[in-house]
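These notes are about the structure you will find just below.
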Amino acid sequence: MTTNSAKYPSLQIYTVTKRRSGIAEVKAHIMRLSKLLISHSIIQSSIAVVSALLPLQFATSLQAQSFNEMASESSAQAFYADVQRRISAGIDDGPSYQLSRDYTLTPEQEAQLEQRRQDDETVERLRKDPVFMRYWQGYWDHYQARAEAQPGEFCAATYVNLHGSVTLTGADKSWDGGLLMFVGKDIPRPKAFREISASLTQDDGRPATVRIYNMPASSEMPGVGTLIFAVPSMPAALSGMRNEQRFVIAIDGKEVFRMSWKDGKKASNALRKCIRKR
């Protein structure tokens with residue numbers, strides 16, 4: 001099996017076909033680019049922060065639900081304050097606010113209220129943490145993957161959030177293609193480099209079988225794995241970038257990566273501007 005390009009509703013990557021022409025050349029470029037990215041300070045530092053933040057994330061489903069409510073337009077805080085105001089004023093104007101004067105909590109209910117109070121404290125602490133919020137909201141980094149690169153070479157963009165990172169990067173004049181690199185905690189970390197088949201779903205499209213490179217475990221990025229797709233054409237990939245885009249990757253039927261980005265158009269424009277300097 002080898003690879004050939006195929007157009008998806010969004011990005012273009014290599015899919016499985018029967019011919020083997022050009023696979024060695026593509027693999028050589030992929031190995032070169034992946035080593036540059038994995039050793040780059042931007043990739044290493046962002047993943048180190050994600051790994052450090054993982055224990056600070058939500059220990060219970062209530063914490064996650066509370067945080068999502070607090071971050072939404074209809075703030076849970078506003079609703080809670082309204083309930084307390086009505087209770088304090090003795091207003092019983094609806095079934096949601098009726099409260100019996102002689103109501104006594106059971107031990108189980110008291111424990112649930114205490115757990116909710118602790119959850120709210122955790123949510124509030126995380127909401128006020130600027131580092132956590134930056135990674136929870138997600139952000140882009142733009143750079144050149146190779147320190148001594150000439151203008152227009154090795155242009156890269158990395159999107160990072162609490163799920164990991166997605167990087168799109170080009171090469172130099174020797175290759176018009178590039179790579180799409182995924183880093184996440186559930187991605188396999190083999191002892192040696194391997195090329196495998198995986199299922200990739202972009203947005204709401206149908207899953208496609210693709211050839212993917214699984215990088216070996218790296219001491220520079222402990223606790224996470226790395227998957228790399230070959231991109232046959234950077235201009236085509238940039239044209240296919242959507243403002244909001246979701247990727248789901250499964251290996252042997254098991255989901256190992258799920259992540260979305262936002263502001264993809266700004267990122268593609270920045271990458272295109274960098275590449276045009278070549």
Side-chain angles (χ1 to χ4, degrees), residues 1-4 11 13-55 57 135 141 143 145-147 154 156-171 174-175 177-202 207-232 247-259 261:
M1 308 293 282
T2 186
T3 57
N4 194 5
L11 292 177
I13 59 170
Y14 282 87
T15 57
V16 177
T17 62
K18 297 181 179 180
R19 301 186 326 182
R20 296 197 59 86
S21 59
I23 189 63
E25 180 183 359
V26 170
K27 184 176 180 179
H29 286 300
I30 289 297
M31 291 295 293
R32 179 175 59 143
L33 285 176
S34 61
K35 289 179 180 178
L36 288 174
L37 286 175
I38 291 174
S39 62
H40 200 283
S41 59
I42 286 181
I43 298 292
Q44 292 182 11
S45 60
S46 63
I47 294 302
V49 174
V50 169
S51 299
L53 288 175
L54 286 177
Q57 294 188 57
Y135 281 78
D141 257 327
Y143 55 99
R146 187 175 180 179
F154 303 101
T158 296
Y159 186 79
V160 185
N161 65 18
L162 290 175
H163 298 288
S165 69
V166 181
T167 298
L168 179 62
T169 183
S174 65
W175 190 39
L179 63 78
L180 190 62
M181 184 175 81
F182 299 87
V183 179
K185 63 181 181 63
D186 294 326
I187 293 175
R189 301 185 291 275
K191 293 182 178 180
F193 174 91
R194 62 175 183 166
E195 181 184 352
I196 58 176
S197 292
S199 171
L200 172 66
T201 304
Q202 298 185 62
T209 300
V210 296
R211 297 301 292 173
I212 192 170
Y213 301 100
N214 192 187
M215 304 302 292
S218 171
S219 59
E220 297 171 321
M221 295 194 300
V224 296
T226 304
L227 294 174
I228 293 176
F229 292 89
V231 175
F247 302 92
V248 180
I249 304 173
I251 298 175
D252 295 330
K254 179 182 178 181
E255 183 176 309
V256 298
F257 187 88
R258 177 183 291 266
M259 184 171 165
W261 71 39

Next item on the list: For His40 and Ala145, work out which heavy atoms get closest and say how close.
Entry: CD2-O, 3.3 Å

Next item on the list: Please name all residues satisfying side chain to side chain donor-acceptor pair (under 3.5 Å) with Asp141, sequence neighbours left out, ordered by chain then number.
Entry: none

Item checked: Side chain Asn214, main chain Pro190, donor-acceptor under 3.5 Å -> no

Margin query: Are the side chains of Ile187 and Ile251 in contact, using a 4.5 Å heavy-atom criterion?
Written below: no

Next item on the list: Can you sort out the partners of Gln44 under side chain to side chain donor-acceptor pair (under 3.5 Å), two or more places apart, ordered by chain and number?
Entry: none

Checklist line | Non-hydrogen side-chain atoms of Leu227 and Val256 separated by less than 4.5 Å | finding: yes

Checklist line | By side chain to side chain contact (heavy atoms under 4.5 Å, CB included) - contacts of Ser45 (at least two apart) | finding: none

Item checked: Shortest non-hydrogen contact between Ile228 and Ile212, atoms and distance -> O-CG1, 3.3 Å

Enumerate, atom names and distances included, each donor-acceptor pair closer than 3.5 Å involving a side-chain atom of residues 162-170, sequence neighbours excluded.
from	atom 1	to	atom 2	distance (Å)
Thr167	OG1	Thr158	OG1	2.7
Thr169	OG1	Cys155	O	3.1

Next item on the list: Please identify each residue that fulfils salt bridge (Lys or Arg N to Asp or Glu O under 4.0 Å) with Arg189, with sequence neighbours left out.
Entry: none

Item checked: Exercise: identify the closest heavy-atom pair between Asn161 and Met259 -> OD1-CE, 3.4 Å

Check: From Ile249 CD1 over to Arg258 CZ, what is the distance, rounded to the nearest 0.5 angstrom?
Finding: 11.0 Å

Note to self: Can you list everything that forms a side chain to side chain contact (heavy atoms under 4.5 Å, CB included) with Pro222? Sequence neighbours excluded, please.
What the structure shows: none

Check: Could you walk me through whether Arg194 and Tyr213 pass the side chain to side chain contact (heavy atoms under 4.5 Å, CB included) check?
Finding: CA-CA 6 Å; Arg194 62 175 183 166; Tyr213 301 100; over 6 Å; no

Margin query: I'd like to check the ring pair (Phe, Tyr, Trp, His ring centres under 6.0 Å) partners of Phe182; sequence neighbours left out, ordered by chain and number.
Written below: Phe229, Phe247, Phe257

Checklist line | Beyond-backbone contact of Ser218 with Thr226, side-chain heavy atoms, under 4.5 angstrom | finding: no

Notebook entry, point to check: Taking atom NZ of Lys254 and atom CG of Asp186, what is their separation to the nearest 0.5 Å?
Noted result: 7.0 Å

